[in-house]
Amino acid sequence: MHHNQLNITLPDGTVKQFAKGVTSLEIAQSISEGLAKHSLVAFVNGSVWDITRPIGEDAMVQILTWKDEAGKKAFWHSTAHLMAEALESLYPGIKLGIGPAIASGFYYDIDFGSHSFDASHFPRIEEKIMELAHQNNLYQRLVVTKDAAKNFFKKKGDPYKLELIEELEDGHITFYKQGNFTDLCRGPHIPHTGFIKAIKLLNIAGAYWRGNEKNKQLTRIYGISFPDQKELKSYLHLLEEAQKRNHQRIGKELKLFTFSEKVGIGLPLWLPRGTLLREQLERFLRQAQVKAGYQPVVTPHIAHKQLYITSGHYDKYGEDSFQPIRTPHVGEEFFLKPMNCPHHCEIYKHEPRSYRDLPIRLAEFGTVYRYEQHGELHGLARTRCFTQDDAHIFCRNDQVKEEFSKVINLVSYVFNALGFKDYTAQLSFRDPQQLHKYIGNMEDWDKAEAAIEEVAKTQGLNTSKVLGEAAFYGPKLDFMVKDALGRSWQLGTVQLDYQLPVRFELAYTGEDNKKHTPVMIHRAPFGSLERFIAILLEHTAGKLPAWLSPEQVAILPISEKYAAYAEQIAQKLRDKEIRCFIDHRDEKMGKKVRDAEITKIPYMLIVGEKEQLEAKVSVRRQGEGDQGSFTIDNLIQKIVGDIS
RNA sequence: GCCGAUGUAGCUCAGUGGUAGAGUACUUCCUUGGUAAGGAAGGGGUCACGGGUUCAAGUCCCGUCAUUGGCUCCA
């Protein structure tokens, strides 16, 4: 083979020869004109490249278009550059932070200096972006030296880019230029601006430079773009649909919970229907926990300040908690409990423990109060008062892995039963850059993190690792689930803790008749009932399975003549603990059915002359329609089968 | 806490300086009905709150509170 020939391997395994310096675009052209026309970027030996970048060695090449995730990312990243160009022309002298692609769209962080800026400027910017897009300007990759890069941005007067360049290695610095705009950028980019056919700026937010609260807050502009108008339209439609699944909206519509400014922000009020839902979830988990060897306990909502000094929570959060409640006259200080573990430690301590007693699993639906920052409150997903399905397992070192595995099984069981299939088990570990944030010795941390990772792997969980997400006393395994808008929330959590047992001087007598320190596992499958219900509502759009529905059966008499018969049926259902109500309103059947459908009642029973004569009911399932007629006994059997 | 947006009837929302509206829900009446909206009438408002500008403010300006999209935080 000739030395300036390359072997290019395509995704289907075919190998083609090209001259050295061939570009992905040329490779695409050799495959088909259509592919070439739609090429945005390419995988070259696993990294994403510009399609106009010459290839210098044998490579695996995959052409990427809008249909590919990496293609979309490049497309959006390129749009961010285009927006920056538009902004620079409209607001001279602005400084640029970073402008990456995100899961849906892109953003750019801007220091507007003396320019005032708000969302009313969006249309003007969108117009300018489209104007620039129509120029079909090429995105050009330029390799520059560190000095040249610094000089460029010194001249331009952009301190943010200079800071970024400082951290880069000479020889690996690239600029990208399109039209009159040049940016420090690793790339890659789409070939030219003409691909961008539709843009929408979505919102504006303050964002601290490099995510640090102590730094200056820049203006972050979020947007999204598409290769055609239709896709933008359908994306905006999708957003609207997601809004309809918003748990606060559903909570209002289905009368599950509410908030009152008079009671206080972030303090949910559970309405009767919402309470039924909560209680069903609690009952479900209680049963599962009895089988798994947990012992329920109950502890007070407040505790003496000293308890939290011992646990370390006071030191860590004291200033940022609800401030203490004081006893009259004497002035003793009590805190609303922000977590249950210290109380449970005291339960563990109330009598001497033997190695034979362990593991001890103390469970409590414990309501806790945390002073969450004002801007953090978010419906039921982030409140200042919530109930954890909490439990603490006190065990010996040799029991840790088994206990941890059992907890994972329980969490998986709970998630499966409630239909959460798409979750990530996040290994929430220390941030090695911020070790001062954590208590205890680092050997214990190493041990704990290794144990969690090993157990999670053995259990075959779909894991991801995030540094800096650990609790201050130990690493966590967090079960993350997305809401309707794609935001990730921590639901279930399992935490391994070597610190609290030491701080509380917990002990058990070992086989050797000596004192040993137990290990603690904190765990909550739902996490918080409030948040869990929030996400459950967003996933189901309020259409809960029958066993969780606050109202399971709506009895719909065709006219008031059948009210008495409806009452008989209702009584029979109630005798079987089936939750039902009769729609006695003076409305036609179509209206009653519609209202029951909208309020997501799983079963509708239509009763009229025919049913009364035959001692039957006509059954309709929510979202499914007419199911035919059943005798009461058959119906009860059917429903009981569905809800147990 | 910070940067934006929003706040009008129980709910969803219209109302660009000149007499507070619609749909729905609610009450009453007519209708007694067959699987996603039968008809009519009626009640319901300190236009979030507090200031200001103006002959006149739901509307313009300032502040506060709340909600919301983000940032930071999250035991």
Side-chain angles (χ1 to χ4, degrees), chain A residues 102 107 109 112 117-122 202-222 239 243 246 248-249 252-253 255 258-262 264-266 308 311-318 320-321 337-342 368 370-379 382 388 390 428 439 469-474 476 478 485 487 489-490 493 495 497 500 522 528 531 556-563 585-598 604-611 618-628:
Chain A
I102 51 177
Y107 67 77
D109 285 348
F112 275 95
F117 188 81
D118 62 59
S120 65
H121 299 205
F122 282 179
L202 295 168
N203 43 49
I204 190 170
Y208 301 105
W209 170 237
R210 317 210 87 179
N212 188 334
E213 208 179 357
K214 296 193 178 86
N215 289 342
K216 176 153 187 184
Q217 192 170 58
L218 308 181
T219 303
R220 176 170 297 177
I221 303 173
Y222 286 90
L239 270 188
Q243 274 306 332
N246 178 303
Q248 305 203 62
R249 186 190 179 116
K252 216 176 250 177
E253 283 167 1
K255 297 185 185 172
T258 189
F259 290 88
S260 150
E261 284 185 37
K262 266 190 183 148
I265 60 174
Y308 301 111
S311 70
H313 290 98
Y314 181 78
D315 194 36
K316 183 92 182 159
Y317 298 104
D320 299 316
S321 305
K337 77 172 167 188
M339 81 295 303
N340 305 298
C341 30
V368 298
R370 296 180 184 173
Y371 179 79
E372 301 290 1
Q373 288 189 80
H374 190 272
E376 267 315 326
L377 299 173
H378 184 92
R382 191 88 183 262
Q388 296 176 312
D390 211 356
S428 298
I439 59 170
E469 288 294 307
F472 73 94
Y473 50 74
K476 308 190 286 175
D478 292 325
L485 287 176
R487 296 171 294 206
W489 294 91
Q490 175 205 308
T493 179
Q495 311 173 3
D497 180 3
L500 281 192
H522 308 237
S528 124
R531 180 178 292 177
L556 314 178
I558 289 203
S559 85
E560 67 195 27
K561 287 189 256 173
Y562 313 105
R585 290 176 308 167
D586 181 14
E587 294 288 354
K588 291 196 171 178
M589 192 45 51
K591 174 72 167 163
K592 292 186 182 183
V593 166
R594 178 181 149 84
D595 287 348
E597 286 282 346
I598 286 172
M604 286 156 255
L605 308 184
I606 287 108
V607 294
E609 187 179 13
K610 199 173 69 183
E611 287 76 11
S618 288
V619 178
R620 183 188 165 97
R621 287 297 311 260
Q622 200 272 343
E624 291 172 28
D626 198 347
Q627 309 282 299

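Each chain gets a letter, A, B and so on, in the order the sequences are listed, and its residues count up from 1.
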Using a 4.0 Å heavy-atom cut-off, write out nucleotides 63-69 of chain B from 5' to 3' as B (base contacted by protein), S (sugar-phosphate only) or - (no contact). --SSSSB
Reading nucleotides 36-45 of chain B from 5' to 3' and marking B where a protein heavy atom lies under 4.0 Å of the base, S where only the sugar-phosphate is that close, and - otherwise, the string is BBB-------
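Rounding to whole angstrom units, CZ of residue R220(A) and C1' of A5(B) are separated by 17 Å. To the nearest angstrom, C1' of G4(B) lies 8 Å from CZ of F122(A).
Surrounding CG of D315(A) are at most 12 heavy atoms belonging to other residues, nucleotides or ligands under 6.0 Å away. By the neighbour-count criterion of 12 heavy atoms within 6.0 Å, atom CD of E609(A) is sparsely surrounded, having that number or fewer from other residues, nucleotides or ligands.
Within 4.0 Å of D626(A), counting heavy atoms only, lies at least one base atom of the nucleic acid. Within the 4.0 angstrom heavy-atom criterion, base atoms lie near E609(A). Across all strands, S311(A) comes closer than 4.0 Å to no nucleic acid atom at all (heavy-atom distances). Counting any heavy atom pair closer than 4.0 Å across all strands shown, G625(A) reaches no nucleic acid atom.
Legend: residues meeting ring-ring contact (aromatic ring centres under 6.0 Å, His included) with Y314(A), ordered by chain and number and at least two apart, are F335(A). A search for ring-ring contact (aromatic ring centres under 6.0 Å, His included) contacts involving Y317(A) returns F472(A), not counting sequence neighbours. The ring-ring contact (aromatic ring centres under 6.0 Å, His included) check on Y107(A) picks up Y222(A), with sequence neighbours excluded. Residues forming a salt bridge (Lys or Arg N to Asp or Glu O under 4.0 Å) with E597(A) (at least two apart in sequence, or on another chain): R620(A). Remark: R210(A) pairs with E163(A), E167(A) by the salt bridge (Lys or Arg N to Asp or Glu O under 4.0 Å) rule, at least two apart or across chains. With sequence neighbours excluded, no residue forms a salt bridge (Lys or Arg N to Asp or Glu O under 4.0 Å) with D497(A). Residues forming a salt bridge (Lys or Arg N to Asp or Glu O under 4.0 Å) with R382(A) (at least two apart in sequence, or on another chain): E372(A), E376(A). For the side-chain contact (heavy atoms from CB on, under 4.5 Å) test, no residue two or more places apart in sequence or in another chain qualifies with E261(A).
The side chain of K561(A) approaches U32(B) more closely than any other nucleotide in the set C74(B), U32(B), C71(B). In this structure, of G34(B), U32(B), G70(B), it is U32(B) that holds the atom nearest to the side chain of E560(A). Of all nucleotides listed (G1(B), G34(B), A75(B)), G1(B) comes nearest to the side chain of Q373(A). In the set G4(B), G34(B), G33(B), G4(B) carries the atom at the smallest distance from any side-chain atom of A119(A).
With both pairing distances under 3.5 Å, A57(B) is matched to nothing as a Watson-Crick or G-U wobble pair.
Nearer to the 5' terminus of RNA chain B, by closest-nucleotide assignment, is the contact made by T219(A) (compared with the other of K252(A) and T219(A)). Comparing P338(A) and A207(A) by the nucleotide of RNA chain B whose heavy atom lies nearest to each, the residue mapping closer to the 5' end is A207(A).
A donor and an acceptor atom sit less than 3.5 Å apart, one in the side chain of R382(A) and one in the base of C73(B). Below the 3.5 angstrom threshold, one finds a donor paired with an acceptor across the side chain of Q217(A) and the base of C2(B).
Taking only side-chain nitrogens and oxygens, Y222(A) never comes nearer than 4.0 Å to OP1 or OP2 of G70(B).
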Could you list all N or O pairs between the protein and nucleotides 48-51 of chain B that sit under 3.5 Å apart?
none

Taking only N/O atoms, report every protein-nucleotides 59-62 of chain B pair under 3.5 Å with atom names and distance.
none

